[in-house]
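Take a look at the structure below.
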Amino acid sequence: MSRLFGRTMRDVPARATTPSHRLLLRAAMIHQLGAGIYSYMPLAWRSLAKIEAIVAEEMDRVDGQRIGMPVVHPADLWRKSGRWDSIGREMARFHDRDGHDMLLAVTHEEVVTDLVAYYVTSYRDLPRMVYQIQTKFRDEPRSRGGLIRVREFVMKDAYSFHPSYQDLDVYYERMVEAYVRTFRRCGLEPLVVEADVGMMGGSASHEFMLVTDAGEDTLLICDACGYAANSDVASTTVDPPPPEEPTPKQEVATPGRTTIEGVADYLGVPTTRTLKAVFYVAGEELVFVAIRGDLGVNEQKLAIALQSSEIRPASDQELGEAGIVPGYASPIGVKNAKIVVDRSVPAAPNLVAGANRAGFHLTGVNYGRDFRADIEADIALARGGDPCPTCGAPLRETRGIEMGHTFKLGTRYSETMDATFLDSEGEQQPVIMASYGIGIGRLLASAIEHFHDDDGILFPASISPYDVHIVELGEAEQVREAASQLHVALEAAGVEVLRDDRSESAGVKFKDADLIGIPLRVTVSPRSLKNGGVELKRRLSSESNMLPLDSAVGEIVDLRQRLMDDLDPERPQWSHTGSSSE
RNA sequence: CGGGGCGUGGCGCAGUCCGGAUAGCGCGCGUGCUUUGGGAGCACGAGGUCCCGGGUUCAAAUCCCGGCGCCCCGACCA
């Protein structure tokens with residue numbers, strides 16, 4: 001350790017706020033170069049290499065074949081898929097010396113589809129899965145939390161190709177299992193949630209979340225039936241109000257009542273009997289969103305319903321130009337706007353809606369009879385406490401870090417990029433695809449986020465930079481000699497050793513050992529030698545035990561193996577404890 | 001993209017409001033001696049374009065203008 005590149009820190013840079021960020025900096029594992037851009041120092045690099053090895057093993061287990069694809073892509077490929085235009089400023093673009101449009105890869109569907117178009121010609125070439133572990137650059141509007149959200153990052157991305165949807169579905173399940181195994185081998189239990197397909201497109205998507213307060217995604221979970229979804233896409237059961245005979249539409253004066261609560265109070269009806277109007281602009285088009293008064297709009301779902309990537313709330317000026325009266329807006333008789341209704345609206349009879357005239361509302365508004373929408377969709381925002389869409393029990397809200405994400409892409413890329421094969425009938429078919437990603441650095445940060453205490457990191461054995469941390473105290477020759485022999489013997493036994501041979505005080509060495517968080521610590525000192533050997537202590541435990549010198553290697557090898565076995569996903573009892581306080 | 005904050009030796013900060021002295025403190029770093037079981041003591045020492053550019057002034061870390069960088073909240077986002 002006297003020759004380790006990097007130095008641990010007592011004080012933390014003030015800008016680091018999340019525990020994993022602080023500890024990664026203090027342990028000299030990462031160094032920031034710019035916003036969301038980091039160098040990996042030796043300790044981090046070793047840990048990342050172990051994570052990569054686990055990920056690669058699990059990919060190989062599900063018949064993956066490792067490849068490498070370029071980081072720099074010509075724009076033409078992305079023009080074919082349409083994403084040159086549909087992806088915004090998170091993709092870095094530049095020109096080569098001849099002025100050709102180029103880009104830094106944000107993901108590799110285009111490149112891999114190009115490979116498939118070339119090499120896959122027959123159903124006999126399917127299914128296949130390829131993966132790589134490689135750098136991506138996404139110019140995020142805001143990086144944060146150390147390695148949790150960065151602009152340049154290492155990702156394992158995998159792509160599978162299938163002759164049929166049935167084949168895709170079967171394989172996708174295998175991949176989900178492989179993902180769960182991967183995270184468990186890193187000591188983390190993932191929560192699999194339904195997710196937004198985002199810029200990838202496709203039909204279904206799942207995220208693998210570490211549940212933690214430091215997470216940046218909001219999740220809705222049903223403890224009763226296991227339903228779990230990212231709040232971007234979560235749905236909720238909206239109990240329809242009791243059926244009623246439609247009453248005639250009638251205009252009533254509601255002076256000064258411009259809010260849902262105000263109108264509901266004034267007219268003595270529950271908010272579930274009102275119609276809320278919300279306005280957005282999608283592209284250039286004004287969108288009139290009608291939803292039951294007690295519900296909120298999920299903008300993510302709305303964007304999906306509109307098939308538009310860019311939506312924003314409409315300004316008052318834009319509303320005025322469209323002849324809409326804020327506070328009294330009505331979907332009845334509205335022109336020059338696309339009308340979207342939440343599915344809660346058709347189910348509710350005799351609603352109170354605006355009259356599109358200041359100071360007046362309409363009662364007895366019924367969908368279908370009085371107005372119709374251009375789009376009818378589930379756009380309601382699910383919140384904690386809302387009923388679960390599958391079983392009705394209350395949903396619980398929590399936060400999570402997205403460690404992995406899988407997408408059923410279908411033919412979205414193969415059709416636009418002409419990746420086809422001949423089926424057994426001799427018919428030309430588009431290849432059916434899926435893609436799967438794991439953020440390697442983010443997984444390291446997630447593990448630290450989950451496994452740390454007030455003193456430092458508590459590395460799971462499987463991803464620790466080293467297996468054993470030897471702390472030698474004092475300058476005595478027999479201490480140095482014993483530590484050196486143990487070091488050599490352990491390495492000969494396949495154990496990775498970090499040896500603290502610095503001329504520092506005991507306190508400094510112990511603090512650093514706790515900070516770095518290698519699971520096993522061996523102390524060699526005059527005192528330990530006098531007591532018959534060396535001291536072995538688990539990072540997780542406050543107790544240590546003496547090992548005679550001649551049996552130390554064997555004991556350490558055994559204990560290391562037990563720690564590894566604890567992380568075996570085949571074991572039902574795998575577990576690790578950690579605290580989330582620092 | 002909206003809101004807030006910060007830029008002073010490697011790290012954490014003070015000084016800036018109200019211009020003026022050799023730019024200071026703690027940690028870390030180097031050398032020597034004494035220490036060595038939970039961030040040791042003493043002594044000496046090295047290390048600064050006070051983010052950059054321009055302006056005001058006899059005088060700018062400090063005031064003014066412009067820029068750059070970073071962090072946090074939100075929007076956004078695999």
Side-chain angles (χ1 to χ4, degrees), chain A residues 6-18 21-22 25-26 28 31-37 83 87-91 105-109 136-146 148-151 153 155-158 193 195-202 205-209 216-217 230 232-233 280 299-300 303 309-313 315 401-407 409 434-439 442 454-456 471-476 479 500 502-515 521 523-531 534-535 537 542 544:
Chain A
R7 181 186 300 118
T8 57
M9 274 189 288
R10 299 187 192 194
D11 298 320
V12 213
R15 56 180 175 271
T17 52
T18 57
H21 190 191
R22 297 164 61 87
L25 288 170
R26 284 190 57 208
H31 186 82
Q32 183 170 12
L33 191 61
I37 304 176
R83 291 206 289 184
I87 294 184
R89 296 199 299 158
E90 69 259 42
M91 188 158 75
V106 290
T107 177
H108 280 77
E109 278 77 11
K136 305 275 185 282
F137 185 81
R138 293 188 188 173
D139 196 356
E140 300 284 352
R142 195 183 150 209
S143 53
R144 78 188 101 188
I148 291 176
R149 179 168 208 79
V150 289
R151 296 197 294 171
F153 58 101
M155 172 168 152
K156 185 286 299 174
D157 44 327
V193 304
D196 179 21
V197 296
M199 70 164 152
M200 295 303 170
S205 167
H206 293 90
E207 287 169 332
F208 295 72
M209 308 297 269
E216 48 181 0
D217 290 284
N230 192 307
D232 290 345
V233 296
Y280 291 91
E299 295 185 8
Q300 201 83 27
S309 59
E310 305 220 352
I311 67 167
R312 60 173 175 82
S315 68
I401 300 174
E402 174 196 352
M403 298 186 291
H405 201 152
T406 58
F407 303 86
L409 299 172
S435 71
Y436 319 85
I438 291 177
R442 187 183 277 181
D454 290 347
D455 294 317
V471 173
E472 55 188 89
L473 299 179
E475 311 279 318
V479 168
D500 192 347
R502 297 174 302 171
S503 161
E504 292 285 353
S505 71
V508 169
K509 292 188 174 189
F510 288 144
K511 287 287 184 190
D512 276 347
D514 288 347
L515 174 62
R521 185 182 88 191
T523 304
V524 187
S525 71
R527 185 200 287 182
S528 77
L529 293 176
K530 198 173 73 185
N531 291 341
V534 299
E535 262 169 64
K537 178 185 167 298
S542 55
S544 60

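Bear in mind the structure is a predicted one, so any value in this text is a computation, not a measurement. Residue numbers start from 1 in every chain, and the chains themselves are labelled A, B, ... in the order their sequence lines are given, proteins ahead of strands.
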Over all heavy atoms of both residues, which pair between A:Ser544 and A:Glu535 is shortest? Give the atoms and the distance, please. OG-OE1, 3.5 Å
For A:Arg502 against A:Lys509, the heavy-atom pair lying closest together: O-NZ, 2.5 Å
Atom C1', compared across B:rA43 and B:rC6: separation rounded to whole Å: 37 Å
Measure the distance from CG on A:Asp11 to C1' on B:rC13 and round it to the nearest whole Å. 9 Å
Once you apply a heavy-atom cut-off of 4.0 Å, does A:Ser528 come out as touching a base, just sugar-phosphate, or nothing? base
Integer-rounded Å distance: B:rC27 P and A:Lys511 NZ: 17 Å
Suppose we define a pair by two distances each less than 3.5 Å, Watson-Crick or G-U wobble; what does B:rG28 pair with here? none
P atoms of B:rG20 and B:rC27, separation to the nearest Å: 28 Å
Roughly how far apart, to the nearest Å, are B:rC17 and B:rG2 at atom P? 30 Å
Provide, to the nearest angstrom, the distance between the CG atom belonging to A:Asp232 and the P atom belonging to B:rC76. 9 Å
For B:rU35, give its Watson-Crick or G-U wobble partner with both distances under 3.5 Å, or none. none
Rounding to the closest angstrom, what is the interatomic distance between B:rA14 and B:rG55 at atom P? 31 Å
Separation of the C1' atoms in B:rC65 and B:rG26, to the nearest angstrom: 36 Å
Any strand: nucleotide that pairs with B:rC63 via Watson-Crick or wobble, under 3.5 Å: B:rG55
Could you pull out the closest heavy-atom pair between A:Leu515 and A:Arg26, with the gap in Å? CD2-O, 3.5 Å
RNA chain B: 5'-proximal contact among A:Ile438 and A:Leu33 (nearest heavy atom): A:Leu33
For a quick check of understanding: with a heavy-atom distance under 4.0 Å over all strands, which category does A:Arg144 fall into, base, sugar-phosphate or nothing? base
Which is true for A:Arg89 with a 4.0 Å heavy-atom rule: it touches a base, it touches only sugar-phosphate, or it touches nothing? sugar-phosphate
Touch class at under 4.0 angstrom, heavy-atom based, for A:Ser143 against every strand present: sugar-phosphate
What's A:Gly146 touching, base or sugar-phosphate or nothing? Going by heavy atoms closer than 4.0 Å. nothing
If B:rC1 has a Watson-Crick or G-U wobble mate with both distances under 3.5 Å, name it; if not, just say none. B:rG74
Report the nucleotide, chosen from B:rC70, B:rG38, B:rG28, that has the shortest atom-to-atom distance to any side-chain atom of A:Arg10. B:rG28
What are the two closest non-hydrogen atoms of A:Arg10 and A:Val508, and how far apart are they? NH2-CG2, 4.2 Å
Can you measure A:Asp500 atom CG to B:rG37 atom P for me and round it to whole angstrom units? 15 Å
Would you find a donor on one side and an acceptor on the other, under 3.5 Å apart, between the side chain of A:Arg521 and the backbone of A:Val471? no
Residues A:Glu109, A:Ser435; criterion side-chain hydrogen bond (donor to acceptor under 3.5 Å, both in side chains); working and verdict: CA-CA 8 Å; A:Glu109 278 77 11; A:Ser435 71; 2.9 Å; yes
Nucleotide of B:rG38, B:rC29, B:rA40 approaching A:Asp514 most closely (side-chain heavy atoms): B:rG38
Identify whether any heavy atom of A:Phe153 sits under 4.0 Å from a base atom; if not, whether one sits that close to sugar-phosphate; answer base, sugar-phosphate or nothing. base
Distance check, P atoms only: B:rA61 and B:rG54, in whole angstrom units. 14 Å
Please tell me whether A:Phe407 and A:His405 form a close aromatic pair, meaning their ring centres lie under 6.0 Å apart. yes
Hey, is the side chain of A:Ser505 poking within less than 4.0 Å of OP1 or OP2 on B:rU36, counting only N and O atoms? no
Between B:rG12 (P) and A:Met9 (CE): distance, integer Å: 8 Å
Between A:Glu504 (CD) and B:rU36 (P), how many Å, whole number? 15 Å
Touch class at under 4.0 angstrom, heavy-atom based, for A:Gly404 against every strand present: nothing
Let me see the working for A:Ile401 and A:Glu216 under side-chain contact (heavy atoms from CB on, under 4.5 Å), right down to the final yes or no. CA-CA 6 Å; A:Ile401 300 174; A:Glu216 48 181 0; 6.0 Å; no
Applying a 4.0 Å non-hydrogen cut-off, can you work out what A:Glu475 is touching in the nucleic acid: base, sugar-phosphate, or nothing? base
Side chain of A:Arg7 (C-beta onward), nearest among B:rG39, B:rG28, B:rG37: B:rG28
Can a donor-acceptor pair under 3.5 Å be found between the side-chain atoms of A:Glu535 and the base atoms of B:rG37? yes
Check the distance between B:rG39's C1' and A:Asp512's CG and give it to me in whole angstrom. 8 Å
Between B:rC71, B:rG37, B:rG39, which nucleotide has the shortest distance from any of its atoms to the side chain of A:Ser525? B:rG37
Ignoring backbone atoms, establish whether A:Gln32 has a side-chain N or O less than 4.0 Å from OP1 or OP2 of B:rC71. yes
Testing B:rG37, B:rC72, B:rG38 for proximity to the side chain of A:Lys537, the answer is B:rG38
Rounded C1' spacing from B:rU22 to B:rG39 in Å: 33 Å
Can you find a donor-acceptor N/O pair under 3.5 angstrom joining the side chain of A:Arg26 to the base of B:rG39? yes
A:Val12 near the nucleic acid: base, sugar-phosphate alone, or nothing, with a heavy-atom cut-off under 4.0 Å? sugar-phosphate
Would you measure the distance from the C1' atom in B:rC64 across to the matching atom in B:rG24 and give it in whole Å? 27 Å
Nearest to side-chain heavy atoms of A:Pro141, which nucleotide of B:rG37, B:rC76, B:rG28: B:rC76
Of A:Met403 and A:Gly145, the one whose nearest nucleotide on RNA chain B sits closer to the 5' end is A:Gly145
Taking it one step at a time, do A:Arg83 and A:Val106 satisfy side-chain contact (heavy atoms from CB on, under 4.5 Å)? CA-CA 11 Å; A:Arg83 291 206 289 184; A:Val106 290; 6.0 Å; no
Nearest whole Å is fine: how far is B:rC11 P from A:Arg22 CZ? 16 Å
Both distances under 3.5 Å, Watson-Crick or G-U wobble: report the partner of B:rC68, or none. B:rG7
